[in-house]
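Given the structure is predicted, the values throughout are model-derived calculations rather than measurements.
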Amino acid sequence: MSDLNFILREMTHLRYWMPLVIEGEKRGLKSSFFVAPSNKYNCPFVHKKVIQQISKDHGVGIKDWQEAKKVETILFASENRWGIDILKTAKKATKVVCTYQTDFVESYNKFYKNIADYILMPSKFCAEFYECTEGKNLYLGIPKYDVEFSKEEVFERNMLEDENNILLIWPKLRDMSKVDMDKLLNLLLKTGYRILAKTRGKDPIPRSYKKLLKENGGRFFEDRSWHPHTTQELLSVSKLAVNFGSTTIEECVMQNVPVINFDVKPKTRNGNEKRWRVTHDYLYDYDYCIQLENDFKEKQLIASVQYLVNTNLDSEFKKSRQNHLFDHSNSSKKILDFILQC
């Protein structure tokens with residue numbers, strides 16, 4: 001039986017699991033993935049070759065999710081309901097839940113606070129702010145931020161020449177009509193920076209915008225790499241990000257990338273009124289972020305780009321991390337140090 005075990009139902013979970021797998025490797029610990037289908041764009045069964053290559057490169061065992069109930073060592077799960085349902089079956093395992101962005105806001109108290117032996121939270125601030133304090137929280141950081149990026153490798157892998165990029169985090173289809181994307185994209189293309197538009201498989205970029213980007217030296221991306229994750233890779237070689245209320249703001253703060261934000265998230269989503277319309281809203285209250293309205297003027301956008309790109313905002317990022325997230329490295333080491341000694 002493996003020392004470290006992970007429920008893998010979505011490829012996006014690899015950004016959390018792989019730093020732990022790699023840290024385990026350094027200690028001579030063997031890892032296994034218990035793979036379950038999600039029937040979504042990021043389903044592991046759609047990306048079998050990626051899983052097989054990870055198995056080959058890191059000696060990770062690949063098993064069916066139904067075998068997870070036999071685990072008697074450490075079993076990690078992400079916080080979605082289906083992963084927690086699998087976690088419940090492993091009666092003898094040390095159960096560890098890793099929070100995923102701010103999904104814990106809706107899942108912590110409902111699904112796993114009384115099931116997990118340990119819960120990996122981004123910070124004590126987040127736990128208290130969102131009233132998620134009754135479980136056995138660990139404030140040791142989140143593994144996905146342990147990745148160190150080689151700019152040269154990122155350039156090569158994504159066919160980029162340099163860091164003169166603005167990363168446009170494409171809005172959800174639900175929110176596209178709330179911003180004049182024609183105006184925004186055309187003005188961004190005039191800034192002299194290469195525009196990298198990043199979206200997810202379920203929120204495709206319309207063909208007309210892809211054409212406009214291509215004709216003007218821009219690029220568009222979906223999730224072409226699960227670890228290191230495409231968004232984090234592109235942030236590592238970008239001067240600035242343009243966001244639409246996405247929790248990608250967390251990655252921007254952790255990677256010191258300033259942000260222009262358009263606040264477009266509706267209060268009611270998927271038929272439910274959200275208690276917190278925008279999670280991580282406190283991360284927008286620093287000098288590394290400029291909020292623009294939909295009726296922004298060209299001069300406003302250009303001035304915002306120039307300020308954010310040309311100002312040293314390191315102290316603002318550090319202050320934000322210390323106040324709301326965490327500001328240390330080697331979270332995977334800290335997590336395994338703690339759990340393995342218990």
Check this for me: [X], atom [atom1], are more than 12 non-hydrogen atoms of other residues, nucleotides or ligands nearer than 6.0 Å?
| X | atom1 | answer |
| --- | --- | --- |
| K267 | NZ | yes |
| K48 | NZ | no |
| R224 | CZ | yes |
| K69 | NZ | no |
| K210 | NZ | yes |
| E293 | CD | no |

Pair [X]-[Y], side-chain donor/acceptor within less than 3.5 Å:
| X | Y | value |
| --- | --- | --- |
| H58 | S55 | no |
| K144 | Q101 | yes |
| N109 | E131 | no |
| S332 | E23 | no |
| R9 | N39 | no |
| N165 | R194 | yes |

Would you find a donor on one side and an acceptor on the other, under 3.5 Å apart, between the side chain of [X] and the backbone of [Y]?
| X | Y | result |
| --- | --- | --- |
| Y288 | L283 | yes |
| N294 | K178 | yes |
| D180 | K183 | yes |
| T230 | S225 | yes |
| R15 | W226 | no |
| D175 | P171 | no |
| K151 | S236 | yes |
| D57 | G59 | no |
| K95 | A90 | yes |
| H328 | L140 | yes |

What distance separates [X] [atom1] from [Y] [atom2], expressed to the nearest 0.5 Å?
| X | Y | atom1 | atom2 | value |
| --- | --- | --- | --- | --- |
| D182 | L187 | CG | CG | 10.5 Å |
| E79 | L120 | CD | CG | 10.5 Å |
| H47 | D223 | NE2 | CG | 8.0 Å |
| R81 | S107 | CZ | OG | 11.0 Å |
| L168 | L184 | CG | CG | 6.0 Å |
| L212 | R207 | CG | CZ | 15.0 Å |

Problem - Pairs satisfying ring pair (Phe, Tyr, Trp, His ring centres under 6.0 Å), at least one member in residues 83-116, at least two apart - result: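 Non-adjacent pairs meeting ring pair (Phe, Tyr, Trp, His ring centres under 6.0 Å): H13-Y100, Y16-Y100, F104-Y130, Y108-Y112.
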Practice task
Sort and list the pairs that fulfil ring pair (Phe, Tyr, Trp, His ring centres under 6.0 Å) and have at least one residue in residues 136-174, not counting sequence neighbours.
Solution key: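 Listed once each, the pairs are W170-Y209.
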Quick one: list whatever passes ring pair (Phe, Tyr, Trp, His ring centres under 6.0 Å) with [X], sequence neighbours left out.
| X | result |
| --- | --- |
| W65 | none |
| F244 | F262 |
| H280 | Y282 |
| Y118 | F338 |

Exercise for the section: Test Q291 against D263 for side-chain hydrogen bond (donor to acceptor under 3.5 Å, both in side chains), laying out the working first. Expected result: CA-CA 7 Å; Q291 302 264 19; D263 186 5; 5.7 Å; no
Do [X] and [Y] belong together in a cluster built from hydrophobic side chains that touch within less than 4.5 Å?
| X | Y | answer |
| --- | --- | --- |
| V147 | M254 | no |
| I62 | I86 | yes |
| F129 | V105 | yes |

Do [Y] and [X] meet the salt-bridge criterion of a basic N to acidic O distance under 4.0 Å?
| X | Y | value |
| --- | --- | --- |
| K319 | D314 | no |
| D146 | K334 | no |
| R200 | D203 | yes |

Exercise for the section: Go through the steps to decide whether D327 and K318 satisfy the test salt bridge (Lys or Arg N to Asp or Glu O under 4.0 Å), and finish with yes or no. Expected result: CA-CA 7 Å; D327 194 37; K318 187 174 184 65; 2.5 Å; yes
Problem - side-chain hydrogen bond (donor to acceptor under 3.5 Å, both in side chains) partner of T73, chosen from T94, D3, N5 - result: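 Running side-chain hydrogen bond (donor to acceptor under 3.5 Å, both in side chains) over T94, D3, N5 with T73 returns exactly one hit, N5.
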Exercise for the section: Tell me, with the steps shown, if K274 and E106 meet salt bridge (Lys or Arg N to Asp or Glu O under 4.0 Å). Expected result: CA-CA 9 Å; K274 305 297 181 181; E106 295 186 352; 2.8 Å; yes
